[in-house]
Peer 1: 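Take this structure, written in structure tokens, and hold onto it; I'll ask about it next.
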Amino acid sequence: MKKEINLKLVVQPLLDWYDDHRRILPWREEATPYRVWVSEIMLQQTRVEAVKPYFERFVGALPTIEHLANLNEDALMKLWEGLGYYNRVRNMQKAARVIIEKYNGKMPGDYKQLLELPGIGSYTAGAIASIAFQIPVPAVDGNVLRVISRLTADESDIMKQSVRKDMENKLLQVMPQKRAGDFNQALMELGAMVCIPNGMAKCEMCPWYHYCEARKQGIVMELPKKQPKKKRKIEERTVVILQDRNKVMIQKRPSKGLLAGLYEFPNFLGSLSEEEVLNWVKEKGLLPIRIQKLEDSKHIFSHIEWHMKGFVVRIEEPQDMNFKGYLFVDPDQTKKEYSIPSAFAAYTKFSKYLF
DNA sequence: AAGTCGGGGCC
DNA sequence: GGCCCAGACTT
């Protein structure tokens, strides 16, 4: 049963707890607008521990917004390789170019202007505004939704945008004017470390132990409520590692859709036979020497599953390397220059040394 | 409001 | 095997 709680009462206990328990994070100790921005984009649907190494490498390679705006696509995707949700970094570069053009290269310190930039929604705009510019606006992410719905024993479906709006409005009323960024980070820190997303909530460690309505009602683990999601669709695919003496064939994926703009080994929808693969190779005007079956593998995306079978095909050195849309590359070069998604990890290792 | 978009860690 | 993660964008 939902209960109206005076949120003003819980602000200071949370800030005090945060002062004692906050983690040292690279973007937290040096909270420049650019670093906060990069971290917030990386942290979308991604855990802190996964982000850390990417963050250091990214801001090291691209220390300013201008560096980001000017980087070529392949190098940009290479910096993001393995982090997922690749449109995040494409949008970030679009935004960087807008910032150069429109804001003279400086991140705008205004919630509404931030919100207009590509890839920055209500959460990220609030996070940047409050953390980097000390503007008292909320930043409601999954942690905040969970923590507050438990605090108030609110059984509303947190996936509904009206619920999120409501929470933003209520938090706006109680934002501490001098510590907005800390307050937002404290809410998230509580969600990440105490009122955790999977697993038992550590209520005995919680600064809101005596306030939490869900704990009083014994329904902590029932919250937050969420509509059950539908199951993923399964796709059979056949992956071909096509190699000559020292090079392997890759291709660039389309600029839109799944894994947009990344590189991949040739692959086909459905389960192809050895003959079908060899026919495809010959149609390309290439001469196969050997073919060998590789292990099956599976990769799970958010809304789809690839069930893959693989072949490695050794061919004669091609006379003409100009195949439309295909590249023959040294596997080591691939490692340095071409971003290949984790979905192909099971087969990447066979791009070298097999025969 | 529902679907698209990654990858990985934890239970 | 299913959960969710410092969500945003498109349809």
Side-chain angles (χ1 to χ4, degrees), chain A residues 22-23 25-28 31 35-55 77 80-92 94-95 114-132 138-147 157-165 168 181-193 195-201 221 224 226-234 253-254 256-262 264 298-306 339-345:
Chain A
R22 71 191 198 97
R23 284 170 292 177
L25 302 174
W27 47 88
R28 187 173 274 173
R35 290 168 63 89
V36 171
W37 177 32
V38 172
S39 73
E40 290 301 340
I41 299 299
M42 285 188 172
L43 285 162
Q44 289 170 4
Q45 297 292 288
T46 309
R47 294 169 189 281
V48 165
E49 289 310 315
V51 165
K52 278 182 181 172
Y54 283 91
F55 177 81
M77 302 318 289
W80 210 263
E81 179 182 29
L83 199 50
Y85 285 162
Y86 297 91
N87 271 332
R88 292 184 291 178
V89 72
R90 298 175 174 284
N91 283 331
M92 195 162 53
K94 284 183 196 165
L114 287 167
L115 197 52
E116 287 173 9
L117 293 170
I120 298 186
S122 65
Y123 161 74
T124 305
I128 298 172
S130 64
I131 298 170
V140 176
D141 75 331
N143 287 312
V144 180
L145 286 164
R146 180 175 59 260
V147 164
D157 182 346
I158 60 166
M159 297 307 279
K160 300 175 81 158
Q161 56 184 38
S162 60
V163 173
R164 178 204 195 89
K165 265 286 184 214
E168 288 176 349
D182 282 347
F183 180 62
N184 285 334
Q185 292 185 84
L187 284 168
M188 294 187 276
E189 194 80 349
L190 190 65
M193 306 305 290
C195 205
I196 54 181
N198 47 13
M200 250 337 245
M221 298 313 285
K226 231 171 162 176
Q227 199 175 24
K229 52 180 69 170
K230 42 187 72 170
K231 56 180 182 182
R232 286 181 290 269
K233 160 171 56 167
I234 294 176
R253 291 180 61 84
K256 292 194 169 185
L258 187 69
L259 304 170
L262 276 68
E264 66 182 359
K298 178 167 78 168
H299 188 79
I300 302 173
F301 299 97
S302 302
H303 63 293
I304 196 167
E305 268 184 49
W306 281 359
S339 180
I340 296 187
S342 303
F344 297 97

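Within every chain, numbering begins at 1; the chains are lettered A, B, ... in the order of the sequence lines, protein sequences first and strands thereafter.
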Peer 1: DNA chain B: A:Met42 or A:Ser162, which has the more 5' nearest nucleotide?
Peer 2: A:Ser162
Peer 1: Just the rounded figure in Å: distance from C1' of C:dC9 to OH of A:Tyr85.
Peer 2: 12 Å
Peer 1: What nucleotide among C:dA6, B:dG7, B:dA1 has an atom nearest to a side-chain atom of A:Leu43?
Peer 2: C:dA6
Peer 1: How is A:Thr124 classified with respect to the nucleic acid when contacts are heavy atoms under 4.0 Å: base, sugar-phosphate, or nothing?
Peer 2: sugar-phosphate
Peer 1: At under 4.0 Å between heavy atoms, what does A:Arg22 touch on the DNA or RNA strands: base, sugar-phosphate, or nothing?
Peer 2: nothing
Peer 1: Is there a side-chain polar atom (N or O) of A:His299 under 4.0 Å from OP1 or OP2 of B:dG7?
Peer 2: yes
Peer 1: Checking all strands, does A:Glu305 fall into the base, sugar-phosphate, or nothing category for heavy-atom contacts under 4.0 angstrom?
Peer 2: nothing
Peer 1: Does A:Thr46 reach the main-chain N or O of A:Gln44 with its side chain, forming a donor-acceptor pair under 3.5 Å?
Peer 2: yes
Peer 1: How far does the P atom of C:dC3 sit from the matching atom of B:dG3, given to the nearest Å?
Peer 2: 15 Å
Peer 1: How many whole angstroms separate atom CZ of A:Phe183 from atom C1' of C:dA6?
Peer 2: 15 Å
Peer 1: Pick the nucleotide of DNA chain B nearest each of A:Gly257 and A:Gly199; which residue has the one closer to the 5' end?
Peer 2: A:Gly257
Peer 1: Between the base of B:dG6 and the side chain of A:Ser302, is one N or O donor paired with an acceptor at under 3.5 angstrom?
Peer 2: yes
Peer 1: Looking only at N and O atoms, is any donor in the side chain of A:Arg47 or the base of C:dC4 less than 3.5 Å from an acceptor on the other one?
Peer 2: yes
Peer 1: Choosing from C:dG7, B:dG3, C:dA6, which nucleotide comes nearest the side chain of A:Leu25?
Peer 2: C:dA6
Peer 1: For A:Arg90, is there any backbone N or O sitting under 3.5 Å from a side-chain donor or acceptor partner on A:Asn87?
Peer 2: no
Peer 1: Please determine, for the side chain of A:Leu258, which listed nucleotide (C:dC3, B:dC5, B:dG7) has the closest atom?
Peer 2: B:dC5
Peer 1: Looking at A:Val140, is its backbone amide N or carbonyl O close enough to the side chain of A:Arg164 to form a donor-acceptor pair, meaning the two atoms are under 3.5 Å apart?
Peer 2: yes
Peer 1: By nearest atom, which of the nucleotides B:dT4, B:dG3, C:dC5 is closest to the A:Lys230 side chain?
Peer 2: B:dG3
Peer 1: Just the rounded figure in Å: distance from P of C:dC5 to CG of A:Leu83.
Peer 2: 16 Å
Peer 1: Touch check for A:Val48, heavy atoms < 4.0 angstrom, all strands: base, sugar-phosphate only, or nothing?
Peer 2: base
Peer 1: Given atom NZ of A:Lys231 and atom P of B:dG3, what is their separation to the nearest angstrom?
Peer 2: 15 Å
Peer 1: Counting any heavy atom closer than 4.0 Å, what does A:Gly191 reach on the DNA or RNA strands: base, sugar-phosphate only, or nothing?
Peer 2: nothing
Peer 1: Counting just side-chain N and O atoms, does A:Gln44 come under 4.0 Å of either OP1 or OP2 of B:dC5?
Peer 2: no
Peer 1: Taking the same atom, C1', in C:dA8 and in B:dG9, what whole-Å distance lies between them?
Peer 2: 23 Å
Peer 1: Using the C1' atom in both, what is the distance from C:dC5 to B:dC5, to the nearest Å?
Peer 2: 14 Å
Peer 1: DNA chain C: A:Ile120 or A:Asp141, which has the more 5' nearest nucleotide?
Peer 2: A:Asp141
Peer 1: Rounded to whole Å, how long is the line connecting atom CG of A:Asn91 with atom P of C:dG7?
Peer 2: 16 Å
Peer 1: Rounding to a whole Å, what distance do you find between A:Ile131:CD1 and C:dA6:P?
Peer 2: 13 Å
Peer 1: Across the strands shown, which category fits A:Lys233 at heavy-atom distances under 4.0 angstrom: base, sugar-phosphate, nothing?
Peer 2: nothing
Peer 1: With the side chain of A:Gln161 defined as its heavy atoms from C-beta on, choose the nearest nucleotide among B:dA1, B:dG6, C:dA6.
Peer 2: B:dA1
Peer 1: Remember a base hit wins even if backbone is also touched, and classify A:Tyr123 as base, sugar-phosphate or nothing at under 4.0 Å, heavy atoms.
Peer 2: base
Peer 1: Heavy-atom count check: over 12 atoms from other residues, nucleotides or ligands less than 6.0 Å from A:Met200 CE?
Peer 2: no
Peer 1: Is the shortest side-chain N/O distance from A:Arg146 to OP1 or OP2 of C:dC4 below 4.0 Å?
Peer 2: no
Peer 1: For A:Leu187, report the nucleic acid contact type (base, sugar-phosphate, nothing); a contact means any heavy atom under 4.0 Å.
Peer 2: nothing
Peer 1: Look only at the side chain of A:Trp80 and the backbone of A:Gly84, and say whether a donor-acceptor pair between them is shorter than 3.5 Å.
Peer 2: yes
Peer 1: Would one find a side-chain N or O of A:His303 under 4.0 angstrom from OP1 or OP2 of B:dG3?
Peer 2: no
Peer 1: Does A:Thr46 contact B:dG6 through a side-chain donor or acceptor facing the base, at a distance under 3.5 Å?
Peer 2: yes
Peer 1: How far does the P atom of C:dT10 sit from the matching atom of B:dG6, given to the nearest Å?
Peer 2: 14 Å
Peer 1: Using a strict threshold of under 4.0 Å (side-chain N to carboxylate O), is an ion pair present between A:Glu189 and A:Arg22?
Peer 2: no
Peer 1: Quick check against the 3.5 Å criterion: does A:Arg88 have a side-chain atom that pairs as donor or acceptor with the backbone of A:Ile41?
Peer 2: yes
Peer 1: Counting heavy atoms from C-beta on, name the nucleotide in B:dG7, C:dC5, B:dG6 closest to the side chain of A:Lys226.
Peer 2: C:dC5
Peer 1: A:Leu117 has an atom CG; how far is it from atom C1' of C:dG7, in whole Å?
Peer 2: 16 Å
Peer 1: Pick base, sugar-phosphate or nothing for A:Arg28, based on heavy-atom distances below 4.0 Å to the nucleic acid.
Peer 2: base
Peer 1: Base, sugar-phosphate alone, or nothing: which one does A:Asn198 contact when heavy atoms must sit under 4.0 Å apart?
Peer 2: base
Peer 1: Mind checking whether A:His303 and A:Phe301 have ring centres under 6.0 Å apart?
Peer 2: no
Peer 1: Nearest whole angstrom, please: distance from the P of B:dG6 to the CG of A:Leu262.
Peer 2: 8 Å
